[in-house]
Amino acid sequence: MVDADTIIDGRYKVLQRIGSGGMAEVYLAEDLLLGRQLAVKLLYHHFAEDQDFVERFRREASSAAGLSHPNIVGIFDRGEWDGTYYITMEYVPGRPLKTIVREHGALDPTTAIDVVIQILRAARFAHKRGVIHRDLKPHNVLIDEEGRARVTDFGIARAGASDMTLTGSIMGTAQYLSPEQAQGHAVTATSDLYAVGVILYELLTGTIPFEGETAVAIAMQQVSAAPRPPSALNPTLPVAVDAIVLRALTKDPSRRYKDADEFIAVLQRERQSLQPAPGAVALTALPSAVPAAEGMDAAGVAEYAAAGLPPGPPRELGPADTGSGALLLPAAGPWDGDPASGQLPADGPSRRTLILLLAAVLAVALVALALVLLLAPAGGGRVRVPDVTGQTEPAAVARLRQAGLSANPSLAASTIVPSGLVIGESPTRGSVVAKGTRVGIVVSSGPSSSALVNVAGLTGVQAVKRLRAAGFDPTTSDQPSATVPRGRAISTDPSAGTVLQAGSAVTVFVSSGPAKVRVPDVTGQPQAAAEAALSSAGLAVGSVSSQISTAQAPGTVLTQSPRAGASVSAGGKVNLTLAQAPKEITVPGVVGQGEAQAAAALGSAGFNPKTMPATVTDPKQVGIVSKQTPPGGHTARRGATVTLTVGVLASPTTTTPSTQTTPPPATTPTLPVPPPAASG
């Protein structure tokens with residue numbers, strides 16, 4: 001529980017707690033940014049730990065946020081805070097329709113129709129935008145202070161979809177559950193229309209069509225039992241109203257109203273012929289300030305009161321309330337007695353008292369008639385069909401035989417009734433039939449199952465339609481793909497071919513196109529290392545070209561396109577330019593040539609001449625190449641340096657004369673060498 005004055009997500013200041021439900025707690029809060037009051041619905045933490053649930057919650061909240069209609073409570077925002085998730089919605093002071101019916105019973109038929117038409121307008125608006133409520137019930141309908149019906153939690157019920165249990169919240173849902181939902185089949189807009197039919201039934205009669213001790217028992221009746229006509233509970237209702245309600249409650253979705261427009265048109269025609277009945281509850285508007293509920297049980301506070309304060313204790317309305325937004329109670333007629341003492345007026349009983357007395361007499365007469373019919377022996381070889389629903393097939397067969405009847409079993413799939421138990425019977429229980437009549441009993445075969453069809457390659461819309469037609473409950477989720485075109489189905493979870501029960505949830509992954517990745521820098525890397533880096537990043541090598549380079553080793557990446565750091569689609573290609581060693585060619589021989597001539601010859605051949613001087617004494621060798629490296633006739637890469645040794649004349653040696661006269665050294669005279677003696 002969140003304390004008052006807590007700031008949620010840095011923006012929403014909690015003022016007070018106003019309700020709770022099966023999924024979340026609801027708080028009245030102030031939007032500090034926009035300065036308005038709103039309702040914050042905060043998920044219980046154990047739901048926030050379920051990633052599948054959170055994803056459905058986000059998706060459905062986003063869909064519902066697009067619904068802006070006078071009869072729909074608007075959703076403003078969603079986010080994450082303190083380890084859980086929240087949505088913010090319009091705050092509507094008012095009372096849940098369920099509370100009004102619980103406190104005051106059946107509404108005037110004209111008022112009931114007016115309220116239901118508003119609910120249908122909300123449903124029509126959502127259905128045309130692809131949003132199905134899935135959990136329409138009077139707990140989810142608020143009557144604001146102007147008497148307008150406001151539907152809340154549109155689309156969010158899907159996020160909380162779960163197997164049926166015996167909790168109070170699910171039992172409340174089961175009372176308004178369509179037969180196809182109870183059997184786990186795909187939900188359509190007509191499922192919402194069935195729920196609206198149940199709401200209309202309750203507003204007209206003050207009770208619901210089917211009741212039971214468990215959610216399963218109620219759901220079984222939704223699948224197989226026929227509801228009593230509303231006029232059986234409220235004799236003032238015309239037969240035409242019975243026909244309208246019972247068509248909405250048809251088990252076969254194709255036989256209900258085809259859409260909300262048709263349902264509205266039928267109600268509007270009937271509304272024109274009705275007049276408000278004296279003594280019935282007429283709904284106009286509610287007090288502008290609704291006190292907090294005290295002493296109420298959980299059922300008394302709307303499970304989905306996210307957009308309004310819970311109802312307070314009933315208050316007595318004075319003359320000042322008339323026409324000022326009050327809930328008008330049954331008209332009591334003139335009253336001159338003492339309200340404190342309860343004394344009748346002196347001139348006789350009031351009209352209200354007479355009506356109550358007549359109703360009591362009628363009720364007693366009906367009970368007596370029912371007892372007579374129930375206890376009277378079924379003569380003439382006729383017997384009453386016993387109730388065998390919920391029994392095992394052998395027990396049901398034995399019970400029918402004991403009653404003088406025979407059984408004709410048949411199987412039907414059911415996701416809520418265990419295999420082997422009787423779902424329904426025909427003729428229905430309590431019917432009086434001839435002895436020996438064959439009574440058809442429908443026995444549950446358990447949930448039906450089938451292999452999940454392959455929808456890969458279809459568009460997202462086509463895939464959803466195909467899976468719904470196959471009896472599954474599909475949702476879509478975007479997923480990047482480098483191979484599947486945008487908008488096409490990639491795969492499903494569970495995968496195609498998996499055997500699933502009817503109504504199972506299936507996620508269709510729809511391609512959002514290739515994901516974006518950042519191009520790594522592979523310049524300076526050898527080609528093999530560059531290709532590995534690109535592959536790890538989800539990219540491929542495109543074209544590979546080469547460029548002669550003396551700065552990088554051959555095979556090294558010189559440049560890349562797109563450049564490093566660019567954002568491209570996954571699977572995209574990166575073009576590489578690799579370093580290439582220059583081609584080797586024959587070095588021309590230039591020894592003996594002049595320096596200029598030799599340099600020109602080497603340059604023309606693609607080499608880079610470089611001279612190195614060498615001293616020579618012969619003036620003829622000056623400027624002449626005496627040596628080259630590499631030698632002529634050898635091969636070297638184009639652009640290589642060829643060193644030339646070029647002769648330069650040695651500088652003459654000069655003697656500096658001395659200032660001091662030094663006598664010449666003494667010399668020894670050279671004597672002539674005699675010739676060798678001639679050998680004899």
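When a residue number appears, it is its place in the shown sequence, counting from 1.
Heavy-atom neighbours of R486 CZ from other residues, nucleotides or ligands within 6.0 Å: at or below the threshold of 12. Few gaps surround CZ on R247; more than 12 heavy atoms of other groups in view lie less than 6.0 Å from it.
By the side chain to side chain donor-acceptor pair (under 3.5 Å) test, S504 pairs with no residue at all, sequence neighbours left out. Residues satisfying the side-chain contact (heavy atoms from CB on, under 4.5 Å) criterion with D114, sequence neighbours excluded, are R271. Considering only residues two or more places apart in sequence or on other chains, H69 meets the ring pair (Phe, Tyr, Trp, His ring centres under 6.0 Å) condition with F125. With sequence neighbours excluded, the residues that form a side-chain contact (heavy atoms from CB on, under 4.5 Å) with T84 are L42, L43, H45, A48. T188 is linked by a side chain to side chain donor-acceptor pair (under 3.5 Å) to T190, counting only residues two or more places apart in sequence or in another chain. In this view, K465 and V461 satisfy the side-chain contact (heavy atoms from CB on, under 4.5 Å) rule, not counting sequence neighbours. By the side chain to side chain donor-acceptor pair (under 3.5 Å) test, S68 is found to be paired with no residue, residues two or more places apart in sequence or in another chain being considered. Looking at residues two or more places apart in sequence or on another chain, you find no side chain to side chain donor-acceptor pair (under 3.5 Å) involving R121. Residues passing the side-chain contact (heavy atoms from CB on, under 4.5 Å) test with T476, sequence neighbours excluded: V464, V508, V510.
Between R95 and I143, every side-chain heavy-atom pair lies at or beyond the 4.5 Å cut-off. For the pair P93 and D144, the minimum side-chain heavy-atom distance is 4.5 Å or more.
With no hydrogens or angles considered, no side-chain donor-acceptor pair links D252 and T250 at under 3.5 Å. Side chain to side chain, S191 and E180 meet the donor-acceptor criterion of an N or O pair below 3.5 Å. Side-chain contact, Y12 with D77: a donor N or O sits under 3.5 Å from an acceptor N or O.
Applying the side-chain hydrogen bond (donor to acceptor under 3.5 Å, both in side chains) definition to pairs two or more places apart or across chains, those involving residues 221-230 are Y194-Q222. For residues 219-261, the set of pairs meeting the ring-ring contact (aromatic ring centres under 6.0 Å, His included) definition, not counting sequence neighbours, comprises Y257-F263. A ring-ring contact (aromatic ring centres under 6.0 Å, His included) check over residues 198-256, counting only residues at least two apart or in different chains, returns nothing.
Of the inter-residue distances, the one linking D31 atom CG with T88 atom OG1 reads 7.5 Å to the nearest 0.5 angstrom.
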